[in-house]
K.L.:
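Got a structure here, written out as C-alpha cells. Questions coming.
Computed from heavy atoms alone, side chains included, the values below leave out hydrogens, waters and symmetry copies.
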Amino acid sequence: MSKHLDWLKRELVQWRAEGLVDEPLAQRILARYPAATERNWGRIIFSSIGAVLVGLGVILFFAYNWQALPKAAKLALVFGGLALAHGSALAVARRPDGARGLVEGLHVLGTMLFGAGIWLVAQIYHIDEHYPNAFLVWSAGALAMAWAMPSIVQALLALCLVTFWAGVELFDFHSAVHGAPLLVVLGVLPLAWWRRSPVLLFFTLAVLFVVTAFAAGALQAKAVMPLLYLMGAASLIAGAAAPATPFPDAGGPLRFLGLTVVLGCSYLLSFKDLAGMLRKVDFSSPGLALYFGAAGLALAGALALLARGRLAQVDAYRRWQLVLLAVALAIVLIATFRFDRGAGLPTAVAFNLIALGFAALLILEGSAQRRARLVAVGCLLFAMIAIGRYADLFTSLLVRSAVFVAVGVTLFLVGNFYARSRRRAQEAQP
Amino acid sequence: MSRRWLIFAIAAQLLVLAWMGAEREWIFRTGHVAHLRTAPIDPRDLFRGDFVRLRYDVNSVRREHLDAAMAPPGRERKRHEVVYTRLQPAGEGVYEAAGTSLARPAEGLFLRGRTEDSWRMGWRGGGHFLVKYGIEQLFVEQGAGLAIEKRRGTRDALQVPMEVEVAIARSGTAVIRGYRWSRLGMKLEVLRRPAPRNRNAPSPGPEQPRSPKLRVTLANASDAQLSVADAGEHCAFQLVTVDWAAQAYAPASQACAGEQPAARSIALAPGETYSAELDLSEPRWHVLAGGKPVEIGALPGLIQFRIEYRTPAAAPVQSSLWRGRMASQAFNASGVID
C-alpha cells in the first residue's frame with residue numbers, strides 16, 4: 001500500500017506543478033488514501049532471523065560440550081541468557097516508541113535459548129529419553145509465547161518445530177504422530193484467525209498438510225494421496241468462500257495451497273504407476289478414519305460456506321474448476337472406498353484429462369482477468385503433462401517431435417490469446 | 001493479551017527447564033551410587049554434540065531372569081512397557097542384573113526401564129529381550145568419543161570395559177555421574193580355526209577338531225599391582241552361550257564345578273598379562289543339544305559364545321585381587337570374533 005501511496009505523492013507534486021490540481025484538491029485526494037499503520041516488518045523479520053541464528057549458535061556452542069566449562073556455569077549461562085533475553089524484551093516494550101521489531105527479536109532469542117536449554121540439560125545429565133519429545137516441548141514454549149505476545153514469528157517458529165517433531169518421529173522411529181496435526185489445528189490455526197494473518201494462515205495450512213501426510217503415511221502409505229486430495233479440495237473451496245467471511249484475506253492462502261495440492265496430486269495421478277496405488281484404504285485404524293472424517297467435514301463446511309455466501313458470485317471459470325474438482329474427487333473417493341485393486345490405466349487417463357482441464361481453465365481465467373500468473377501456471381501444468389507423457393508413452397522420435405511441436409504451438413497460441421484478451425479489455429475501458 | 005500472560009509464558013519456559021534439571025540434579029546428589037559395566041561406541045548428535053552410546057550388560061535381560069508374571073511362554077508383551085531390574089553386587093563395586101519384574105520391587109536397589117523393540121525380541125523367541133534405562137548415552141566433548149573408543153580397545157586388541165558410575169533414585173530412575181575403566185582387561189585370540197564348513201563335504205573325522213582353540217589373556221589395565229586367580233586346568237574360565245541361544249545350548253558340564261581345586265593367585269604388575277589356552281573341542285567345553293553333549297563346532301554357525309573369567313570362590317584373600325566376572329567378545333564355532 002505504501003508503495004502506491006509514494007507513487008501518488010510523487011504524481012501529485014507533478015500535477016500541481018502542471019496546474020492539473022490545486023493544493024486543496026491534492027490534499028483531498030491524499031486524504032482518501034490514509035497511510036496504513038503497518039508494522040515495521042523489515043525490522044521484525046531481520047531481528048527474528050538474527051535471533052534464530054544466535055540461538056542456533058548457542059545450541060552448537062553447547063553441543064561442543066566444552067569440558068572446561070563447569071556444569072553450573074553452563075546452566076547459569078542458559079538460564080541467565082533466557083531470562084535476560086525475555087527481560088530485555090519486556091523492558092524495551094515499555095519504551096514509548098515500542099521498538100516492536102527489537103522486542104520480537106529478543107523474545108525469539110529467549111525461545112531459542114529455551115530450546116538450547118532443553119538440549120543442554122539432556123546433555124549435562126546424559127538423558128537418553130525419546131529425543132523428538134524435546135521438539136514438542138520446545139514448540140509448546142514457542143506457542144505459549146505466540147499466544148501471550150501475540151506474535152506471528154513465535155507461531156512460525158512453533159510450526160517449524162512441530163514439523164521437525166513429526167518428521168523425526170516418522171523418519172527415525174516410523175511412528176505416526178497424531179498430536180502434530182492436532183497441535184496445528186487447535187494451537188496455531190485459531191491464532192491465525194484471531195490475528196487475521198494470511199502469512200500465518202499460509203504456513204499453518206502448509207504445515208498441516210505436511211504433518212497430516214506424515215501421520216497418515218506412517219499408518220498406510222496409500223492413504224496419503226486421497227487424504228491430501230480431500231484436504232486440498234476443502235482448502236480450494238474454502239478459498240472461494242473466504243471473501244464472504246470475517247477473514248476475507250484468507251482466500252489467497254487457502255486458494256493457493258488448495259490449488260497447489262490439487263494440481264500436484266492430479267499431475268502425479270496422471271502417471272499409471274502412481275494411479276495404480278490409488279485403491280481401497282483399510283480404515284480399521286481409528287487414526288485414519290478420523291483424518292478422513294475431519295477432512296470430509298472440512299470439505300462439507302467449505303461447501304456450505306460457499307453455497308450460503310458466494311456461489312452466485314463465483315465466475316464461470318471457477319464453476320467449471322469446481323465441476324472438474326468434483327469429478328476428480330469422486331474418482332479418488334470411489335477408489336479409496338471401493339477398489340480392491342488399483343485401476344492404473346483408466347485412472348491415469350482420467351487424471352490426464354482432469355489435469356489438462358485444469359490447465360485450460362487456468363489459462364482461460366488468467367486471460368479473461370488479465371492475470372499473467374494464472375496463465376503461467378496453466379501453461380506450466382500443460383507443459384509438465386506433455387513432458388510426462390513424452391517420457392512414458394512415446395518411443396518413436398517422430399511422435400516425440402510431434403509432441404514438442406504441439407506443445408510449442410499451443411503455448412504460442414495461448415500467448416497470442418492472452419495478448420488479444422488483454423487488448424480487448426483495454427479497448428473496452430472508457 | 002496482557003503483560004501478565006506474557007510473564008506467565010516466560011515463567012513457564014524457565015520452570016520447564018528448571019524442572020528438567022532439578023529432578024536429575026537431585027538424583028545426582030542423593031541417589032545410591034553404583035557402577036554398571038558397558039561397551040561404548042561413538043556417534044554424534046546435531047543438537048547435543050558427540051556422545052558415546054552405551055550398551056550395558058543389564059540392557060540384555062535373559063528369560064530366566066524374568067519374574068513369573070512376565071515369563072509365560074507365548075504371551076505377547078507391549079513395546080516400551082515399564083519394567084524394573086533388580087541389581088546385585090558383582091565385585092569391584094560393579095552391579096549386575098538379579099532379575100526383572102513388572103512390579104516395582106519393595107526393597108533393594110533397582111533400575112526402572114522400558115522394553116525395547118528388537119529383531120530378536122525375546123518375548124517370542126524365548127531368549128532375551130532388551131531394556132533401556134535412559135542412561136545409554138554419555139555426552140562428551142567433541143572428539144573425546146573416539147578417544148574413549150580407543151581406550152576401550154579394538155576387536156583384535158586388549159579390551160578394557162568401561163564402568164559407568166550412576167546415581168539411582170528410590171524410584172529406579174538413574175543418572176550418569178561419570179565413568180572409570182576396569183582394572184582388568186581381556187583379549188581373545190583364535191589360535192586354531194576348524195576347517196571351513198561345506199554342506200557337500202563329508203563331516204570331519206573324530207581326529208579332526210571341529211571347534212576353535214582360543215587364547216584368553218587377562219591384563220592389568222590399572223596403574224597399580226593387581227592379582228587374578230585361576231584354579232586347576234583354567235577352571236576360572238567358563239563357556240557361556242550368548243543371549244537368545246543360552247537356554248537351548250547350555251554347557252554340558254562345568255568340569256571344575258564339583259572339584260573345587262585349589263586356586264592360585266597370579267600377581268600382575270601394570271601392563272602385565274596372564275594367558276590361558278582353551279581347546280574348545282575338548283569334552284570340558286561341550287554343550288547340550290537336544291539333551292546330548294556335543295562340540296560347539298556341531299552347532300549352527302550363527303550361535304555365539306563368550307569365555308567368561310570368574311574369580312574362583314576359593315581364591316586367596318588379597319586386597320589387590322580382582323573380584324568379579326568378565327566376559328570376552330562373542331565368537332562363533334568357526335572362530336569368527338564379533
Side-chain angles (χ1 to χ4, degrees), chain A residues 56 59-69 71-72 74-75 78-79 82-83 85-87 89-90 93-94 103 107 110-111 113-131 134-135 137-138 140-151 154 173-174 194, chain B residues 1-28 44-54 59 79-80 113-114 117 132-145 164-167 173-179:
Chain A
L56 284 174
I59 289 173
L60 290 176
F61 171 74
F62 286 133
Y64 178 77
N65 199 356
W66 198 11
Q67 296 295 314
L69 202 61
K71 180 173 73 176
K74 286 180 188 171
L75 286 171
V78 82
F79 274 88
L82 198 158
H86 283 311
L90 289 173
R94 279 178 174 256
V103 171
H107 277 310
T111 302
L113 289 175
F114 171 59
I118 294 171
W119 298 111
L120 179 69
V121 170
Q123 182 200 69
I124 286 176
Y125 296 102
H126 309 283
I127 300 173
D128 181 22
E129 297 290 344
H130 189 60
Y131 84 91
F135 289 111
V137 176
W138 191 359
L143 201 55
M145 289 298 296
W147 278 94
M149 285 177 67
S151 161
Q154 294 271 357
F173 296 93
H174 309 287
W194 176 41
Chain B
M1 285 210 183
S2 70
R3 192 178 165 83
R4 199 172 48 188
W5 282 108
L6 185 54
I7 291 170
F8 179 76
I10 295 166
Q13 289 190 350
L14 281 163
L15 281 174
V16 166
L17 285 187
W19 176 78
M20 274 179 70
E23 188 200 14
R24 303 284 164 163
E25 186 62 32
W26 175 256
I27 297 170
F28 188 95
R44 178 175 290 177
D45 181 281
L46 180 64
F47 289 95
R48 292 167 291 179
D50 280 13
F51 67 93
V52 175
R53 200 186 295 283
L54 304 172
N59 284 130
R79 189 185 174 199
H80 295 162
R114 285 180 186 274
D117 216 354
K132 274 186 80 178
Y133 302 99
I135 48 171
E136 283 76 15
Q137 291 178 350
L138 175 76
F139 292 91
V140 294
E141 187 171 307
Q142 189 171 1
V164 173
E165 183 182 321
V166 292
T173 304
V175 174
I176 293 176
R177 284 172 58 100
Y179 65 89

K.L.:
Just to verify, what does B/Glu136 make a side-chain hydrogen bond (donor to acceptor under 3.5 Å, both in side chains) with, not counting sequence neighbours?
P.N.:
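Scan of B/Glu136 (side-chain hydrogen bond (donor to acceptor under 3.5 Å, both in side chains), adjacent residues dropped) gives B/Asn59.
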
K.L.:
Output the distance between atom CD1 (A/Ile127) and atom CD1 (B/Ile176), rounded to the nearest 0.5 Å.
P.N.:
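Nearest 0.5 Å value for the CD1-CD1 distance: 10.0 Å.
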
K.L.:
Restricting to side-chain hydrogen bond (donor to acceptor under 3.5 Å, both in side chains), what partner residues turn up for A/His86, sequence neighbours left out?
P.N.:
A/His107, B/Gln13

K.L.:
Looking only at heavy atoms, what is the nearest atom pair of A/Val121 and B/Leu17, with distance?
P.N.:
CG2-O, 4.3 Å

K.L.:
Check each atom of A/Leu75 against the heavy atoms of chain B and say whether the ones under 4.5 Å are side chain, backbone, both or neither.
P.N.:
neither

K.L.:
Considering only heavy atoms, which portion of B/Ile27 lies under 4.5 Å from any heavy atom of chain A: side chain, backbone, both, or neither?
P.N.:
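Neither part.
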
K.L.:
Look at the aromatic rings of B/Phe28 and A/Tyr125 and report parallel, tilted or perpendicular, splitting at 30° and 60°.
P.N.:
perpendicular

K.L.:
Please tell me if the side chains of B/Lys132 and A/His130 come closer than 4.5 Å, counting only heavy atoms from C-beta onward.
P.N.:
no

K.L.:
So for A/Ala116, is it side chain, backbone, both, or neither that comes closer than 4.5 Å to the heavy atoms of chain B?
P.N.:
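Contact with chain B: none, neither part.
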
K.L.:
Just wondering, do B/Gln137 and A/Tyr131 contact through their side chains at under 4.5 Å, heavy atoms?
P.N.:
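A side-chain contact under 4.5 Å is absent here.
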
K.L.:
Would you name the heavy atoms of A/Ala148 and B/Trp5 that are closest together and state the gap between them?
P.N.:
CB-O, 3.5 Å

K.L.:
Side chain, backbone, both or neither: which part of A/Ile118 has a heavy atom under 4.5 Å from chain B?
P.N.:
both

K.L.:
CG/B/Leu6 to CG/A/Leu90 distance, rounded to the nearest 0.5 angstrom?
P.N.:
5.0 Å

K.L.:
To the nearest 0.5 angstrom, please state how far the CH2 atom of A/Trp147 sits from the CZ atom of B/Phe8.
P.N.:
15.0 Å

K.L.:
Can you tell me which of B/Gly21, B/Ala9, B/Ala12, B/Gly134 forms the most heavy-atom pairs within a distance under 4.5 Å of chain A?
P.N.:
B/Gly134

K.L.:
Nearest 0.5 angstrom please: B/Leu138 CG to A/Gln123 CD, how far?
P.N.:
10.5 Å

K.L.:
Which bit of B/Ala18 is near chain A, if near means a heavy-atom gap under 4.5 Å: side chain, backbone, both or neither?
P.N.:
both

